[in-house]
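Remember, predicted model here, so these are calculated numbers, not experimental data. Throughout, a chain's letter reflects where its sequence line sits, starting with A, and its residues are numbered from 1.
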Amino acid sequence: MPFTVATWNINSVRLRLPLVEQFLKDYAPDVLCLQETKCPDDLFPAAAFEALGYGHMAISGQKGYHGVATLSRRPLDIVEKRDFCGIGDRRHVSARLSAGGRSVLLHNFYVPAGGDEPDPEINPKFRHKLDFIEEMRSVRAGFDGESAAILVGDLNIAPLETDVWSHKQLLKVVSHTPIETEGLESMRAEGGWVDLMRAHIPPQERLYTWWSYRNRDWAASDRGRRLDHVWTSPNLVDDMREVEVLRAARGWERPSDHVPVITRFGFD
DNA sequence: ATGGTCGCAACGCGA
């Protein structure tokens, strides 16, 4: 089976456990990176995932907010649960696994949303988001002949004009302001990361992974944004076969406002 | 221009 990695902001792993179980049965990724688990580690539904073959987990959760978890069918070596901005938020976990004869370092991120007001002087949540992105510059896509890196997660920024339903109308809306989009893009490029979703789906094409709950008909209005991302070191780009955005998941019963993004590679 | 909906867990906050 070719190596497959999925990422999904689940917005409460306990509430949506049946959806995650169905997703794992139907799509069987080797690895699933979850964000916004909203679950302390001692209450994480590990047994349910173990029963489905995902016995290897890197969990970093907290009560009520944030939280990330990486579920895997392959052995994982937990590398780091890094406290970005030093305020104790559980927004990152990295783990190493073996794929395609390489040692792959996999980062799972949940970047702060940043609040409503896009002014760091008056909105501490926006200041925090910008600081978080700056600190992410130290996370680089190191690789050589035997190693590679993958960074996935809810980065809460839609960098391209085609990553939002209206570039013009969202220029002053947190997630698509120039200070965020330029910051994310420069951080990505300087870190040596490749935007794998856009390597597969041309930048001219509209692409969203999130649709607000505050819309009476998300599908008809289609006011989406691409907030979830898959980045890799350059030595994995030629091995990528497909990136699938599971738009249908937004229409499932009691859905998350984000949908899974599934990346398939050409090696085992 | 405004408000719209979720989840957690407490009647507000963060998204």
With rounding to the closest Å, how many angstrom separate the [atom1] atoms on [N] and [M]?
| N | M | atom1 | result |
| --- | --- | --- | --- |
| dG3(B) | dA15(B) | C1' | 15 Å |
| dC6(B) | dT2(B) | P | 23 Å |
| dG4(B) | dA9(B) | P | 25 Å |

Legend entry - ring pair (Phe, Tyr, Trp, His ring centres under 6.0 Å) partners of Y213(A), counting only residues at least two apart: none
Inset, instruction - On DNA chain B, check which nucleotide each of N11(A) and D154(A) is closest to and give me the residue with the more 5' one. - result: N11(A)
Inset, instruction - Would you kindly compare D116(A) and K38(A) by the position of their nearest DNA chain B nucleotide and give the one closer to the 5′ end? - result: K38(A)
Using a 4.0 Å heavy-atom cut-off, does [X] contact any base of the nucleic acid, only the sugar-phosphate backbone, or nothing at all?
| X | value |
| --- | --- |
| R225(A) | nothing |
| H66(A) | sugar-phosphate |
| R14(A) | nothing |
| R254(A) | sugar-phosphate |

Inset, instruction - Using only heavy-atom distances, determine whether the side chains of N9(A) and E36(A) contain a donor-acceptor pair under 3.5 Å. - result: yes
Inset, instruction - Determine whether the side chains of R96(A) and S103(A) contain a donor N or O and an acceptor N or O closer than 3.5 Å. - result: yes
Inset, instruction - Determine, step by step, whether R226(A) and D195(A) satisfy the salt bridge (charged side-chain N to carboxylate O under 4.0 Å, His left out) criterion, reporting the C-alpha distance in whole Å, the side-chain angles of both residues, the deciding distance to 0.1 Å, and the verdict. - result: CA-CA 12 Å; R226(A) 182 171 73 109; D195(A) 178 351; 3.0 Å; yes
Legend entry - Outermost nucleotides of DNA chain B that come under 4.0 Å of a non-hydrogen atom of chain A: dG4(B) to dA15(B)
Legend entry - Cation-pi, W193(A) ring and R188(A) (6.0 angstrom, 45 degrees): no
Legend entry - Criterion side chain to side chain contact (heavy atoms under 4.5 Å, CB included) against D30(A), the qualifying member of T4(A), D268(A), V5(A), L71(A): T4(A)
